[in-house]
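What follows is one structure encoded as structure tokens, with my remarks underneath.
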Amino acid sequence: MTVELKAAVQRPTFCRICEPLCGMIATVDDGRLVSLRPDKDHPVSAGFACQKGIAFSEVVNDPDRVTTPLRRTASGFEPVSWDSAMADIASRLAVVLREHGSGGVGWYFGNPGAFNYSYTIAMAPLMLGLPRLHLFTAGSQDVNNRFVASQLLYGSPLALPVPDVLRSDLLVVIGANPVISHGSVLTAPRIRDRLHDIVKRGGRVLVIDPRRTETAAQFEWLGIVPDSDAFLLLSLLQVMFDENLADRDRIARQADGLGWLEDLARPFRPETTEAHTGIAPDTVRALARDLVRTERAAVYGRVGTSIGENGTLTTYLLDAVNLVAGNLDVPGGAMFGRLGTPGERWLNKAGGALLRGIYARRRSRIGGFPAVLGSEPAAVMAKSITTPGRGQIRALFVGAGNPVLSVPDGDELERALQSLDLMVGIDLYVNETLAHCDYVLPATSMYERDDFPLPFQALQPTPFRQATEAVAAPVGQARAEWEIIDDLTGRLWRSSPGFAILTAARKVLSLFDVRMRPRTLVDAVIRLAEGGDRFGLRRGLSFAKLTRDHPHGVVLAENLRDGVLADTVVYRSGRVRLRHAQIAAEVAKLSRRRVPDGYPMRLIGMREARSENSWMHNAPLLMRGGRAQHALLHVDDAAAADIVDGDLVRIVSPHGEIEVPVVVTKDIVAGVVAVPHGWGHKGTAGWRVANSAGGANVNRLMSSAVDDVESLAGMARLTGVPVRVSRVETELVRDGRGK
Ligand SMILES: Nc1nc2c(c(=O)[nH]1)N[C@H]1C(S)=C(S)[C@@H](COP(=O)(O)OP(=O)(O)OC[C@H]3O[C@@H](n4cnc5c(=O)[nH]c(N)nc54)[C@H](O)[C@@H]3O)O[C@H]1N2
Ligand SMILES: Nc1nc2c(c(=O)[nH]1)N[C@H]1C(S)=C(S)[C@@H](COP(=O)(O)OP(=O)(O)OC[C@H]3O[C@@H](n4cnc5c(=O)[nH]c(N)nc54)[C@H](O)[C@@H]3O)O[C@H]1N2
Ligand code: SF4
Ligand SMILES: [Mo]
């Protein structure tokens, strides 16, 4: 007998854990993903991948992964067939729809969903069939105020400025930590190298952050009091106007409402805002001058500037500073990417108007928050489940998310989940949230599905295209989310006119042997966009040609085009709109901020190189060395509270408390404590490695109260939260219970 040895194959693809989408080479043996390594031939990531990317083969092949549909029974989850799971889900959902209408259904769309074009596109037919669906996304803990600020300024939530790191000579990073996060709302592989290039060509990178982060440590650090960025940015504007640094004629060509902005900023002299920010007036003035006088400069903010008390205002102000400093839509400044499809401007206009309309008309049932890209704040999801009345959520789907750990007050959410009539999760794991499900459905991981990173196309300083086919076979019975949604909507055609139309359309197409697939749509985008083959009208790209002829991806241009603002802004004037009553109202609120007594410290977050939110703590490679969660505390605060390195501390907010071991450091502004999120895994059916790592869910300290949710974008407040910190033993001694 001869044994045929089939050599493992090497397949170029790309990582979709975070935004740079680094090129990867997958080693695949008989359909099984064996290992991953960085792709040296990728034109932009050029042989870089981080530890998480490499460790992903451990996620794909994780023994704790869900590989069949699971049904909850009195004694735990048991495997069931797809058909019996889907049949029961559909019939129970049909009951909810009959009794409560589509307002009785909720869907939480988690962060990995944004890296999954087919799941994203599949949400559209779902929402067509369930017009009153309550949609929640990770965006209300992340980026929704970026969308709202863009909607106000440019008329479309999808007009997103990206810092042109390739050409900038002064990059001011405010509330982002790209050395660890690898960039966000910015698809720039090897971002660390790009930042070092700025310095190498004689420029500067200044990091404004309450913590001397890994990024700050490699460049210049300016400490700031948490959640005071709006004060700083208003002062930068005040100085630019007051010292006549701003080129008013030029700005008038780009924007309307400059005088209004000047009036808004006038009271915020650096001498006035110093008490809030802790930044000396001279430093603010020098920075304002540098931002104007450096030909190629930009300010760039991300999660740290989004998750405070008024993140929409802060995000608006970041763009306003870029505009007034003459740094918007110019090389090295904040620039706009585009797809380059024919009629893009009109498509953007129509899309912008539609989304603005939804924002203006649709209000969340709890709190009356405007709908951002059709979604409601996840902070009020628990109350949407427990508050009786019309539109109360009775059935909830969670696809690619873990809100019990990622949104404020996971305990409240867990209690609410118990009361649902139906809960279904689609994931790789039974995470803390999915532990409450009636059914858990196994999703394919990114390497088991095709992909084209649609939402990230316009966020690349280097315009680039790459698509991938699935490189490995689905593990177990895993299915792509879009197929699960497709199956569900097909079974529910009697329950909703929208689904009936979809089902009829599907039937008609099947007569011609055509299947409605997200791929058809995304292929059309690739073909119509810059570099595309325009359906054969010219030589160029399609999905299939990208994967076949350009498996490592293809660079479309060295740089972004400047001078596109008038085409990007969807207001008829083509100019940025600065004047907004909502912004004035947010500025007025700044002076009404109050801090409860007894909570002298401020809490901030801390992303870690070997974590991805809540979901990579089960990969042994990433957890080696007995890795555990810890808080960071300034040496002076530690000394004052008799705390030393390694102590277990109790952190208490008005909303909850946690205990974590502490590391004492000088690399943080005094009065600030930093705690990573995504920890606190606990005894569910999956995640054995993660569960054994311990840690606490920092979001137990956060508030889900309607009044604590930012009003313009519905964002949770996750930074600058008032807390107090004490050594656990000290309290025990004081209580008379100690050793
Ligand atoms: N390794 C790793 N990479 C990731 C992730 C991960 O979990 N781990 N998550 C991914 C996701 S989902 C996202 S959205 C991106 C986020 O990407 P980034 O925004 O770049 O990452 P963060 O670490 O959240 O950076 C926020 C920074 O703001 C600072 N900060 C906190 N409060 C304030 C404040 O009030 N003012 C100022 N000026 N700064 C403040 C924090 O100290 C922190 O350094 O990262 C992605 N990449
Ligand atoms: N305190 C605090 N809280 C925060 C943040 C913070 O900085 N501080 N950051 C916030 C941010 S920026 C974000 S984005 C959110 C994230 O919040 P969430 O999206 O709610 O949570 P994740 O931890 O990203 O969980 C993702 C889940 O998706 C699963 N998954 C991975 N790949 C796939 C896939 O291909 N298909 C399916 N179906 N499932 C998949 C994982 O197994 C995991 O269970 O957390 C937010 N919460
Ligand atoms: S930085 Fe790491 S996790 Fe992010 S895309 Fe690249 S390899 Fe993947
Ligand atoms: Mo995020």
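The first residue of the sequence shown is numbered 1, and numbering continues consecutively from there. Order of appearance sets the numbers: ligands from 1, and atoms from 1 within every ligand.
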Using heavy atoms and a 4.0 Å limit, tell me yes or no: is [X] in contact with ligand 2?
X	result
Tyr119	no
Val59	no
Gly678	no

Please list, in number order, the atoms of ligand 2 under 4.0 Å from a heavy atom of [X].
X	value
Gly110	19 (O)
Ala443	36 (N), 37 (C), 38 (N)
Thr444	35 (O)

[X], portion touching ligand 2 at heavy-atom distance under 4.0 Å:
X	answer
Val698	side chain
Ala400	both
Asn431	side chain
Thr719	neither
Arg449	side chain
Phe115	neither
Pro112	side chain

Looking only at distances, please establish whether an N/O atom of ligand 1 is found under 3.5 Å from an N/O atom of [X].
X	answer
Arg211	no
Ser228	no
Arg610	no
Asp209	yes
Arg302	no
Ile174	no
Asp142	no
Pro226	no
Ile208	yes

Tell me whether [X] has any N or O atom under 3.5 angstrom from an N or O of ligand 2.
X	value
Leu718	no
Ser445	no
Glu481	yes
Glu612	no
Trp687	no
Asn116	no

For the atom pair [atom1] ([X]) and [atom2] ([Y]), what is the distance rounded to the nearest 0.5 Å?
X	Y	atom1	atom2	value
Tyr439	Trp82	OH	CH2	12.0 Å
Ser704	Met381	OG	CE	11.0 Å
Tyr447	Cys15	OH	SG	4.5 Å
Glu483	Thr444	CD	OG1	7.5 Å
Gln218	Thr213	CD	OG1	9.0 Å

Any heavy atom of [X] sitting closer than 4.0 Å to ligand 1?
X	answer
Gly720	no
Glu608	yes
Gly308	no

Of all the non-hydrogen atoms in the protein, which one sits nearest to [atom], and at what distance?
atom	answer
atom 19 (O) of ligand 1	Val303 N, 3.1 Å
atom 47 (N) of ligand 2	Ser406 O, 3.0 Å
atom 23 (O) of ligand 2	Ser614 OG, 2.6 Å
atom 16 (C) of ligand 2	Asn613 ND2, 3.7 Å
atom 46 (C) of ligand 1	Ser181 O, 3.8 Å
atom 3 (N) of ligand 1	Lys52 NZ, 3.3 Å
atom 21 (O) of ligand 2	Asn402 N, 3.4 Å

Between His617, Arg607, His677, which one has a non-hydrogen atom sitting closest to atom 12 (S) of ligand 2? Arg607

Pair [X] + [Y]: basic N to acidic O under 4.0 Å:
X	Y	result
Asp164	Arg194	no
Asp62	Arg688	no
Arg717	Asp708	no
Arg519	Glu469	yes
Asp227	Arg602	no
Glu448	Arg65	yes
Lys589	Glu309	no

Location of contacts on [X] toward ligand 1, heavy atoms closer than 4.0 Å:
X	answer
Thr215	neither
Val143	neither
Asp229	side chain
Ala609	backbone

Considering the heavy atoms of Ile180, write down every atom of ligand 1 situated less than 4.0 Å from one of them. 1 (N), 2 (C), 3 (N)

Report yes or no: does Arg211 contribute a side-chain atom to a donor-acceptor pair with the main-chain N or O of Ile668 at less than 3.5 Å? no

Is the closest side-chain donor-acceptor distance between [X] and [Y] under 3.5 Å?
X	Y	answer
Tyr300	Asn322	no
Asp451	Thr468	no
His677	Ser406	no

Passing candidate, side-chain contact (heavy atoms from CB on, under 4.5 Å) with Val148, options Val372, Thr315, Leu373: Val372

Side-chain contact test, heavy atoms from C-beta onward, threshold under 4.5 Å: evaluate it for Val725 versus Asp637 and give yes or no. no

